[in-house]
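Please read the structure below before turning to the comments.
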Amino acid sequence: MLKAISHIALVVNDPARTAALFHDLFGAQAVTREDEDGHLETFVRLAGTWIVLVGAPVKRERTGDHIAFHTTPEILEATAAKLQAMGREFITARSGSALYFFDYDDHVFELDTKDIDAQLG
């Protein structure tokens, strides 16, 4: 039986730059280590889930694939303000209850103020 998501791995051009984005937006701290094969890995914990930033040359197309985090309206608004101040692109949706933003490699992240468990329960 599955328990929970252990981690999500994202291939990015510059793990340190992506980790800095998550730090600037959410105060997330990065942990960098070398794996058994000598590859550097950068980990950032967001909402209790480890995001592993794997460095490699990559060019992604934006799709509907995304990682969504449940949050409060206040955090959504604060994040929108930070993104705007940073000059980063973002999209608000569903009457302002959701915000989509992109990392430097076009991974899409959603902040959602609606409780999906309550909606589907």
Under the side-chain hydrogen bond (donor to acceptor under 3.5 Å, both in side chains) test, which residues partner [X], sequence neighbours left out?
X: R33; value: E41
X: E89; value: R62
X: D24; value: none
X: N13; value: D105

Do [X] and [Y] land in one hydrophobic cluster if side-chain heavy atoms of ILVMFWY residues count as linked below 4.5 Å?
X: L111; Y: L10; result: yes
X: L76; Y: F69; result: yes
X: I67; Y: F43; result: no
X: F26; Y: Y104; result: yes
X: V108; Y: F22; result: no

At their closest point, which heavy atom of [X] faces which heavy atom of [Y], and how far apart are they?
X: A19; Y: T42; value: CB-CG2, 4.1 Å
X: I5; Y: I8; value: CG2-CG1, 4.0 Å
X: H107; Y: V11; value: CE1-O, 3.0 Å
X: V44; Y: A28; value: CG1-CB, 3.3 Å

Spacing of [X] atom [atom1] and [Y] atom [atom2] [to the nearest 0.5 Å]:
X: D117; Y: Q119; atom1: CG; atom2: CD; answer: 9.5 Å
X: L99; Y: R94; atom1: CG; atom2: CZ; answer: 10.5 Å
X: D103; Y: R17; atom1: CG; atom2: CZ; answer: 8.5 Å

- Taking the six-membered ring for Trp, are F101 and F109 parallel (under 30°), tilted (30 to 60°) or perpendicular (over 60°)?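 Aromatic pair F101/F109 classed parallel.
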
- Is the backbone of T113 close enough, under 3.5 Å, to the side chain of S97 for a donor and an acceptor to pair up by distance?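 Such a contact is absent between S97 side chain and T113 backbone.
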
- Is the backbone N or O of K114 less than 3.5 Å from a side-chain atom of D112, with the two atoms forming a donor-acceptor pair by type?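 At least one qualifying donor-acceptor pair exists.
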
- Message: Looking at L120, I'd like to know if its CG atom is crowded, meaning that more than 12 non-hydrogen atoms belonging to other residues, nucleotides or ligands lie closer than 6.0 Å.
- Response: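 Yes, the 6.0 Å shell around CG holds more than 12 heavy atoms from other groups.
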
- Heavy atoms, side chains only, cut-off 4.5 Å: are E34 and H39 in contact?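 No, every pair of side-chain atoms sits at 4.5 Å or beyond.
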
- Is there a side-chain contact between F102 and I91, using heavy atoms and a 4.5 Å cut-off?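 With C-beta onward as the side chain, the pair touches.
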
N/O donor-acceptor pairs under 3.5 Å from side chains in residues 45-54, not counting sequence neighbours:
residue, atom, partner, partner atom, Å
R45, NE, G48, O, 3.4
R45, NH2, G48, O, 3.2

- Task: Name all residues meeting the ring-ring contact (aromatic ring centres under 6.0 Å, His included) criterion together with H66; count only those two or more places apart in sequence or in a different chain, and write none if there are none.
- Result: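 Here the qualifying residues are Y100.
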
